[in-house]
Asker: 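Submitted below is the structure of interest, expressed as structure tokens.
In what follows, chains are A, B, ... by sequence order, proteins preceding strands, each numbered from 1.
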Amino acid sequence: MPRESLKARRERADAIWDLLEEEYPDAHCALDHRNAYELTVATILSAQCTDERVNMVTPELFRRWPEPADLAEARQEELEEVVHSTGFYRNKAKNLIGMAEAVMERHGGEIPRTMEELHALPGVGRKTANVILGNAFGIDEGVVVDTHVKRLAGRMKLTRETDPVKVERDLMKVFARERWTMLSHLLIFHGRQVCAARKPRCEACVVSHLCPSSRV
DNA sequence: ATCCCGAGGG
DNA sequence: CCCTCTGGAT
């Protein structure tokens with residue numbers, strides 16, 4: 001099977017973009033948040049957990065620890081109880097406190113706005129940093145590659161890679177920068193509603209004719 | 001048994 | 001590259 005050229009892949013990506021944007025005009029970040037601090041907390045909690053579950057625990061978390069200064073002083077055991085249902089609760093509680101401490105010590109209590117500074121915070125990897133930059137600060141620094149984006153990019157053959165960093169590189173090659181943040185939202189919405197992990201509904205998919213994995 | 005807006009450590 | 005951390009939904 002001949003490898004699709006970059007030009008052909010970009011054109012197919014553009015067509016996919018147009019149809020998904022039309023299908024999900026109000027695709028957005030589904031993690032409830034009012035500011036960069038809240039989004040940072042919510043995104044750290046979102047690892048291997050549904051956003052719906054995260055949104056169940058964050059209201060109490062934000063009520064008890066409204067700002068980085070409060071979270072930096074939190075007792076880990078109390079925080080563990082609040083975030084317990086999101087899974088990985090010991091790591092997440094420890095990282096949240098460590099993140100808040102670092103934000104206080106290194107950034108005067110403000111969530112930083114660069115990939116390098118964000119990535120240096122405990123519990124903040126490239127994916128989480130991209131979420132914060134794109135959704136709290138409006139900076140298209142990269143593409144958020146979560147489990148949905150990875151699965152859909154693979155099925156649509158927009159990449160042959162499985163490592164999230166390499167998947168992101170490939171997506172950055174075929175989509176224009178100003179689309180990077182919204183691209184993740186579109187793929188995540190589509191992944192939830194149509195291109196599900198276990199039972200993809202190809203018959204209901206608006207881009208099935210552009211998808212090499214489609215069975216219809 | 002598999003999946004969910006992963007990160008850190010070896 | 002691999003492994004571990006974890007609960008809840010389906």
Asker: Of the candidate nucleotides B:dA7, B:dC5, B:dC3, which contains the atom at the shortest distance from the side chain of A:A197?
Answerer: B:dC3
Asker: Stacking between A:Y89 and the base of C:dG7 (centre distance under 5.5 Å, interplanar angle under 30°)?
Answerer: no
Asker: Specify the separation, in whole Å, of atom CG of A:D51 and atom C1' of B:dG6.
Answerer: 15 Å
Asker: Between A:R90 and C:dT6, is there a side-chain N or O to OP1/OP2 distance below 4.0 Å?
Answerer: yes
Asker: Looking at B:dC4, B:dC5, B:dA7, which one has an atom nearest to any side-chain atom of A:T128?
Answerer: B:dA7
Asker: Please tell me which of A:H119 and A:A30 maps to the more 5' nucleotide of DNA chain B, matching each residue to the nucleotide holding its nearest heavy atom.
Answerer: A:A30
Asker: For a quick check of understanding: with a heavy-atom distance under 4.0 Å over all strands, which category does A:L121 fall into, base, sugar-phosphate or nothing?
Answerer: sugar-phosphate
Asker: Would you mind telling me which residue lines up with the more 5' stretch of DNA chain C, A:G87 or A:D163, judged by nearest nucleotide?
Answerer: A:D163
Asker: Measuring only the P atom in each nucleotide, how far is C:dC3 from B:dT2? A whole number of Å is fine.
Answerer: 16 Å
Asker: Provide the distance between the two C1' atoms, one in C:dC5 and one in B:dC4, to the nearest whole Å.
Answerer: 15 Å
Asker: Counting only side-chain nitrogens and oxygens, does A:R151 get under 4.0 Å of the OP1 or OP2 atom of B:dC4?
Answerer: yes
Asker: For A:P59, is there any backbone N or O sitting under 3.5 Å from a side-chain donor or acceptor partner on A:D32?
Answerer: no
Asker: For A:N130 and B:dG6, what is the distance between atoms CG and P respectively, to the nearest whole Å?
Answerer: 13 Å
Asker: What's the NZ-C1' distance between A:K92 and C:dT4, to the nearest Å?
Answerer: 14 Å
Asker: How far does the P atom of B:dG10 sit from the matching atom of C:dT6, given to the nearest Å?
Answerer: 16 Å
Asker: Would you tell me if any nitrogen or oxygen in the side chain of A:R53 comes within less than 4.0 Å of OP1 or OP2 on C:dG7?
Answerer: no
Asker: Are side-chain heavy atoms of A:D140 and A:L133 found at a separation under 4.5 Å?
Answerer: no
Asker: Spell out yes or no: do the side chain of A:R198 and the base of C:dT10 have one donor N/O and one acceptor N/O closer than 3.5 Å?
Answerer: yes
Asker: What is the distance, rounded to the nearest whole Å, between atom CD of A:E52 and atom P of C:dG7?
Answerer: 19 Å
Asker: On DNA chain B, compare the nucleotides closest to A:N95 and A:T50; which residue's is nearer the 5' end?
Answerer: A:T50
Asker: Rounded to the nearest Å, what distance is computed from the CG atom of residue A:L118 to the C1' atom of nucleotide B:dA7?
Answerer: 15 Å
Asker: Salt bridge or not for A:E168 and A:R126, using N-O below 4.0 Å?
Answerer: yes
Asker: Check every atom of C:dC5, B:dC5, C:dC1 against the side chain of A:K166 and return the nucleotide holding the closest atom.
Answerer: C:dC1
Asker: Could you check whether A:V124 gets within reach of a base, just the sugar-phosphate, or nothing at all, counting any heavy atom under 4.0 Å?
Answerer: sugar-phosphate
Asker: Ring pair (Phe, Tyr, Trp, His ring centres under 6.0 Å) between A:Y24 and A:H190: does it pass, once the steps are laid out?
Answerer: CA-CA 8 Å; A:Y24 310 107; A:H190 192 57; 5.7 Å; yes
Asker: Taking only N and O in the side chain of A:R192, is any of them less than 4.0 Å away from OP1 or OP2 of B:dC5?
Answerer: yes
Asker: Would you call A:E78 and A:R64 a salt bridge, taking side-chain N to carboxylate O under 4.0 Å as the test?
Answerer: yes
